[in-house]
Every structure is written in structure tokens, then in C-alpha cells.
Amino acid sequence: MSVRVRFAPSPTGHIHVGNVRTALFNYLFARNQGGKFILRIEDTDLERSSLESEKLIYEDLQWLGLDWDEGPIIGGNYGPYKQTERYKIYKKYIQKLLDEGKAYKCFCSKDELEEMKEKALKEGRPPRYNGKCRNLTLQEIESFEKEGKKASIRFKVEDLEVRISDIIKGEISFKTDAFGDFIIVRPDGMPVYNFVVVIDDALMEITHVIRGDDHLSNTPKQVLIYNALGFKVPKFAHIPMILGPDHSKLSKRHGDTSVNQFREKGYLPEALFNYLALLSWSHPEEKEILSKDELIEAFSLDRVSKSAAVFDFEKLKWMNGIYIRNKSKEELTKLCVPYLISEGLVTDRYVNENFDKLADMIESIRDNLELLSDVAQYIEVYFKLNTILDEKAKELLVKDTSIPVLRTFLSEIEKVDELNEKIYKTIVKSVQKSTGAKGKNLFMVIRIGVSGLTKGPELDKLVVNLGKDEVVKRVREILRLIGNHDF
Ligand code: GLU
């Protein structure tokens, strides 16, 4: 039978990295096995779900390259793929359980249930429903309904042991007396997660349920429902959770944790994809930099570890830097443009008219980038001359050779028609010869002359990319500052 797996997010905001790692493992497993990866929207919590959030989920998954084979937008043979569109289906199975005496209506009020719970806790028993409405007669039910009382529907649970053979966690057994008869439909008519998830997984012929281990305790309840309805129980694989650097569960407290935040900061989807795949899974040869295809090829559930993974923000950044360095010049430029525009360094028009020039500038600072959003800070030097010189710059400029270096550099540059690296090198040699300055006294002084800074892109690239006119303008301005003791 061919593999069918699903990712079933609740649309309550952008996807958290923990959740998207679950999607990723499902995706990798499906692609590795030549199976299907299905997206299902679990939107039965009407208060917390929104269409807006659904869209965010689609965007996040698409950005990361987790394309689904069946699901919202594209459809499929097992739809609809949104739970709010499946009520009719759920109703049928609820009725079936009621008809077969496997579920029953419960009219107990909130207060009664609260009392039951307190009593159980006092007596040191697990708080579970005491079965009060298990055997109501038809007349009793009718009269409650006439009174306008709303019933929840409970699933009848016999005392037994449910054994689960989890692909990751191994053999686990659960005693059902820990939870007892549980609600499958709330008094407002809404079926609950533990019920609908079974109907959907069964009817969508899901073969492997791969999800976070926070759902492990739900699994025995779900298995009971599979059995009661005569559905085949899928295989389960519960993935360990992700911890923050302080080893507590990864959350907003630790910084950026939703996919869109990573995207906005300038992480590349390939880098995040690669990094997330290594959280509780490892390559058989412990390789770390792996393309999507390599991950698909190597992925298996046997290599998913039982223990939680720690999210290492620094490592992700480092990995992102590697992916940035591997981009083509043109691609990297296109990726950087939105960051430059939002920082106000360039306009669309500038980009259209100066794309190649911009690409050269970005190329000169590529090695500094770990995040795309770093680009503005490194490239600013091309757009602004810094005129507030720091101490290090001032110390250098007061040396005897500094003004002659800048003056000679300026007059040599003024003589040429345009700049390229060869011409620049010849000019620097001649400045060195006529002023006797070398090392810092030569190169750093020129750097300050063209940027007002003591750090920046490689000097020859900086000068050439700035171009003759801009260099002339800048060196004059710096000379003016020195002349006026304006620093
Ligand atoms: N909607 C559930 C969640 O987001 C899905 C759980 C499951 O995969 O069964 O946690």
C-alpha cells in the first residue's frame, strides 16, 4: 500500500518552527517513499481559527518548498480538506456510534462535572467521568431534551490496556481507566479533535500519522475510536519536541520562532529547510549541509531520535551564510533588493537602472552576510559618505603623509576617464611612490578618503564600484573636512 501522510495544522496564526518541522518530516517521508503528502486544515476551533491564518499557513509552506499533493487550493480525491467543511461526514459517524451503543448523550452540567472532578482528586483518583449518563433511558433523554438541555456526546470506554507500537517511541501501553468516557461532541454540537482526527485520517487513508509527541497522550483515545468504527489503525510516529537554548520548550520567549519571522529576517528557505531537518534526525554519514533532494533521498523515520532537539539559532545563522554564499550573483541581488528598498537605500527605479552595479556592490560584501537583512548595513557605504570620523580614522589622518596621499590619489583619479581594478592598482602604486606611505598609512587612508570609515568591502572593489565621479567627490569632501578641522 502506498504511503499517505498528512500535516494537519490549526489555522491560528503563522506556523511555528516546531510545527513546520512536523510538516517537513511528513514531507520528507512522503517524498522518500514515493507517497502522498496531504494538507488538512483543522479549523473546528472557530474562535481561534481564521481564514487569514489559513492563508499564512499556505504562504509559509509554499515559501519553504513544502508542496502538498492533496489539500486546500489544489483539492484531491479525499476532500474536502478543511474540517469545517466535513461536518456532514462527522455526523454520520457520531450517529453510528450512538446507534451501536458505543457512545451516549450526557446531560451533566458543568457544575456536576466540576464536583465529580474535585471528589476524584480528593480521593486520589484520576479525574474521570463517573458514567452517570451511561444508561439513561429513552424517556429520560427525551425529557432532558424537552427541558432544552444540551447534551454532549461521550464515547464509552471499557477498562483495558491500549498498546501502541510507535515507530519512534517504541512500544507504549496506556490504561484507559486514566481517562474514562471522554467527550467526542461538545454540548454546542462541535465534534472534538480526538474524534474528527480519526474520521479524517481513516477516510483519507492515512498510513502513517507523524506528529509532535505532545499528541502521544491523545493516541489511545484515537485508537479506541478507530477500533469502534472498524477502521484500520495507522502507524504512529511521534516526534520529540524542540527545546530552546535553555532547554525549556521552544517558545516566543527564545526569540524568533515563527516561519515568517525567519523569512523576514532574511533566512533562505533552503537553509531553514536543511536546518529543521536536522532537529532530531541525522544523516547516516552525519552530513550537515544537505539539499532538499539529498534530504529526501536520505530521510527515514528509523533515524529520528527519541530525545528532544535543541534549537541552535547560531548554527542556523551559520548555515544560512553558507547558502547565501552559494547563490548566484544575480539571484543574491534579487533576494537583497527588498531589504535595500525597505531600508530606503535604493528605489525600484534605481534597481532597474543599475542592477549590474548593485550586483557588483553586493558581491563585494557577500562574505559578510549571514542574513539577507544584513545587506543594508554593509552596503550603506556605497550610498552614503560617513562624515563623522571615529578616533581611529582621526589618528591616521593627522599623520604627515595622509594629506599628500589623499591629494595625490585625487589628482591621479581625476586624470583617468574611468576606473577599473587595473587602473586603480596603478594609481595606488604611484601614490605610494610619490608619498612614501605604505600599509595602513596608504590603504587605510584611502579607505577613509572614499568612505569615511575604517572598515568595509575590499578596498579595490569599493573604489571601482563607487566609480570615478563619486570617488572624486568623496575624497574632496574628506579633504575639506580635514582642512577645516571639521572632525
Ligand atoms: N491540529 C493538530 C495540531 O495542530 C493536529 C494534530 C495531529 O496531527 O493529529 O496539533
Side-chain angles (χ1 to χ4, degrees), residues 3-30 35-51 53-58 60-61 64 66 68 70-72 78 80-87 90 162 164 166-169 172 174 182 184 186 190-226 229 231-242 249-251 257-259 276 280 301 304:
V3 161
R4 291 175 58 81
V5 294
R6 82 321 189 257
F7 175 53
S10 303
T12 56
H14 271 287
I15 314 186
H16 179 269
V17 279
N19 241 345
V20 90
R21 195 262 320 237
T22 300
L24 186 83
F25 279 17
N26 274 285
Y27 176 88
L28 290 175
F29 182 65
K36 295 272 188 265
F37 172 61
I38 294 142
L39 175 63
R40 182 173 72 227
I41 299 294
E42 303 213 324
D43 55 350
T44 52
D45 184 344
L46 299 180
E47 265 169 40
R48 296 180 60 228
S49 303
S50 71
L51 279 175
S53 295
E54 243 174 69
K55 274 199 211 127
L56 299 179
I57 291 176
Y58 305 147
D60 289 344
L61 292 177
L64 206 55
L66 299 175
W68 53 99
E70 290 171 32
Y78 297 75
Y81 293 92
K82 272 169 68 169
Q83 290 186 327
T84 45
E85 292 169 9
R86 297 173 63 81
Y87 284 138
Y90 304 140
V162 179
I164 291 159
D166 189 275
I167 297 174
I168 297 165
K169 305 276 173 183
I172 312 173
F174 297 86
F182 58 90
I184 54 173
R186 283 194 286 263
M190 273 296 185
V192 307
Y193 158 74
N194 272 325
F195 177 73
V196 294
V197 75
V198 170
I199 306 301
D200 291 347
D201 285 342
L203 299 184
M204 292 180 184
E205 295 181 23
I206 299 303
T207 56
H208 297 72
V209 170
I210 305 169
R211 63 184 170 199
D213 66 4
D214 47 334
H215 285 291
L216 198 53
S217 61
N218 288 320
T219 311
K221 294 181 184 170
Q222 295 172 13
V223 169
L224 292 174
I225 296 173
Y226 279 104
L229 288 169
F231 290 140
K232 185 167 186 267
V233 182
K235 295 201 165 76
F236 291 103
H238 285 93
I239 319 171
M241 62 177 158
I242 303 176
K249 191 176 176 197
L250 185 68
S251 73
T257 49
S258 70
V259 173
L276 290 175
S280 288
L301 290 171
V304 176

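In this chain, residues are counted from 1 in sequence order. Each ligand, and each atom within it, is numbered from 1 in the order the structure gives.
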Step through the shown structure and confirm whether more than 12 heavy atoms of other residues, nucleotides or ligands are within 6.0 Å of NZ on Lys235. no
Atoms of ligand 1, numbered as shown, that sit under 4.0 Å from any heavy atom of Val197: 9 (O)
Yes or no on side-chain hydrogen bond (donor to acceptor under 3.5 Å, both in side chains) for Thr219 and Arg211, after CA distance, side-chain angles and deciding distance? CA-CA 11 Å; Thr219 311; Arg211 63 184 170 199; 3.1 Å; yes
The protein heavy atom nearest to atom 9 (O) of ligand 1 is Tyr193 OH, 2.6 Å
Residue, atom name and distance, where the atom is the protein heavy atom closest to atom 8 (O) of ligand 1: Arg6 NH1, 2.7 Å
Could you say whether the N/O atoms of Ala8 and ligand 1 ever approach to under 3.5 Å? yes
So the atoms of ligand 1 within less than 4.0 Å of a heavy atom of Glu42 turn out to be 1 (N), 2 (C), 5 (C)
Which protein heavy atom lies closest to atom 3 (C) of ligand 1, and at what distance to 0.1 Å? His215 NE2, 3.7 Å
Heavy-atom distance under 4.5 Å between the side chains of Arg40 and Asp200, does that happen here? yes
In ligand 1, which numbered atoms sit nearer than 4.0 Å to a non-hydrogen atom of Arg211? 7 (C), 8 (O), 9 (O)
Measure the CZ-CD distance between Arg4 and Glu70 for me, rounded to the nearest 0.5 Å. 4.0 Å
For Lys221, all residues meeting side-chain contact (heavy atoms from CB on, under 4.5 Å), sequence neighbours excluded: Phe179, Phe182, Asn194
Quick one: closest heavy-atom pair of Arg6 and Val209, and the distance? NH2-CG1, 3.6 Å
